[in-house]
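Input: a single structure, listed below in structure tokens.
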There are 2 protein chains.
Amino acid sequence: MDVIGGKYNALIVYELINGTRRYHEIQKAVPQATPRMLSKQLKELEEDEIIIRTLYPVVPPKTEYSLTEFGQSLVPIVEALCSWGEHYFEVAGVPIPCTYTGS
Amino acid sequence: MDVIGGKYNALIVYELINGTRRYHEIQKAVPQATPRMLSKQLKELEEDEIIIRTLYPVVPPKTEYSLTEFGQSLVPIVEALCSWGEHYFEVAGVPIPCTYTGS
DNA sequence: CAGTATCCCAAATGATACTG
DNA sequence: CAGTATCATTTGGGATACTG
């Protein structure tokens, strides 16, 4: 839970399931997260070796994030959480897809 | 994450996997949680219909907690999280079993 | 573009003592 | 036994502005 317990960590991992993403792509996928939070949680995930950050020394800057092999091991759990969440919302009478991006 | 994101919720669910437990049994299983927190998170789980609380009107009081059918649906995820956590600790060089009760 | 810096607030948790 | 009450503290997160 320390690893994916943050407010956006699971969503970030979820977004990276389908491949490498640049910073602003993640930002678009998780618009509720402010730059500060996004940066913070990305760093957390990087420190936990769930994701890897690749910085291209070009102007303008280009950064790419992707799951590490270890991070991949988390994918089934994140997906399970996601579909359980859908089920939960159904039971609660509020059907919402996995692409749910917050209120 | 709102459901199991609390500090002890997942541990409580994990403890209830093997059957009904009384309050003090859960307390023993999750000793880091103060009575206040335990009570609070138990209520949360009850409101989310993950667990059910049965109060026996006897003296001294007797209360039992168990997973609802809906709560059972969470078990595979909690177990997956647990074993992933073990794996995580191994990778980090700190092998710790699922019965890990905090520092 | 990909972030940082600074300030602030609310929620979560902890400690301790008490009760039906 | 199974909690509550009260108070203090920590932590997470938000808003906004700025930068290499």
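Numbered from 1 within each chain, the chains take letters A, B, ... in sequence-line order. Quick note: numbers below take in every heavy atom, side chains included, and nothing from hydrogens, waters or symmetry partners.
Between the CG atom of B:L38 and the P atom of D:dG3 there is a distance of 9 Å, given to the nearest Å. As rounded to whole Å, 11 Å separates atom P of C:dT13 from atom CD1 of B:I12. The separation between A:E25 atom CD and C:dG3 atom C1' is 16 Å, rounded to whole Å. With rounding to whole Å, B:E64 atom CD is found 9 Å from D:dA2 atom P. When rounded to the nearest whole Å, the span between OH of B:Y23 and C1' of C:dT19 equals 13 Å. Rounding to whole angstrom units, OH of residue A:Y65 and P of C:dC1 are separated by 15 Å. Residue A:I51 contributes atom CD1, which lies 14 Å from atom C1' of C:dA2 at whole-angstrom precision. In this structure, NZ of B:K7 is placed 8 Å from P of D:dT11, rounded to the nearest angstrom.
At a cut-off of 3.5 angstrom, counting only N and O atoms as typed in the model, there is a donor on one side and an acceptor on the other between the side-chain of A:R36 and the base of D:dG14.
For the pair B:K43 and D:dT4, the criterion of a side-chain N or O lying under 4.0 Å from OP1 or OP2 is met. Between B:T63 and the phosphate of D:dG3, there is a side-chain N or O to OP1/OP2 separation shorter than 4.0 Å. Between B:S39 and D:dG3, a side-chain N or O to OP1/OP2 separation shorter than 4.0 Å is absent. Contact annotation: B:H24 does not reach the phosphate of D:dC1 (side-chain N/O to OP1 or OP2, under 4.0 Å).
Panel note: side chain A:T63, backbone A:L55; no donor-acceptor pair is recorded below 3.5 Å. A donor-acceptor distance shorter than 3.5 angstrom exists from the side chain of B:S83 to the backbone of B:E79, with no hydrogens or angles considered. The backbone N or O of B:I50 lies less than 3.5 Å from a partner atom in the side chain of B:T68, making a donor-acceptor pair.
As judged by a 4.0 angstrom heavy-atom cut-off over every strand, A:Y56 is placed among residues making no nucleic acid contact. Across all strands, B:K40 comes closer than 4.0 Å to base atoms (heavy-atom distances).
The aromatic rings of B:Y65 and B:Y23 lie tilted to each other, with the angle between the two planes from 30° to 60°.
Which of D:dC1, C:dG14, C:dG3 sits closest to the side chain of B:Y8 comes down to C:dG14.
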Practice item. Check step by step if salt bridge (charged side-chain N to carboxylate O under 4.0 Å, His left out) holds for A:E64 and A:R21. Key: CA-CA 6 Å; A:E64 282 185 346; A:R21 294 283 183 272; over 6 Å; no

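Along DNA chain D, the nucleotide nearest to A:G5 and the one nearest to A:P61 differ in position, and the one closer to the 5' end is contacted by A:G5. Residue whose closest nucleotide on DNA chain C sits further toward the 5' end, between B:P35 and B:Q41: B:Q41.
Across the strands present, D:dG20 finds its partner in C:dC1; the criterion is a Watson-Crick or G-U wobble pair with both atom distances under 3.5 angstrom. When both distances must be under 3.5 Å, the Watson-Crick or G-U wobble mate of D:dC7 is C:dG14.
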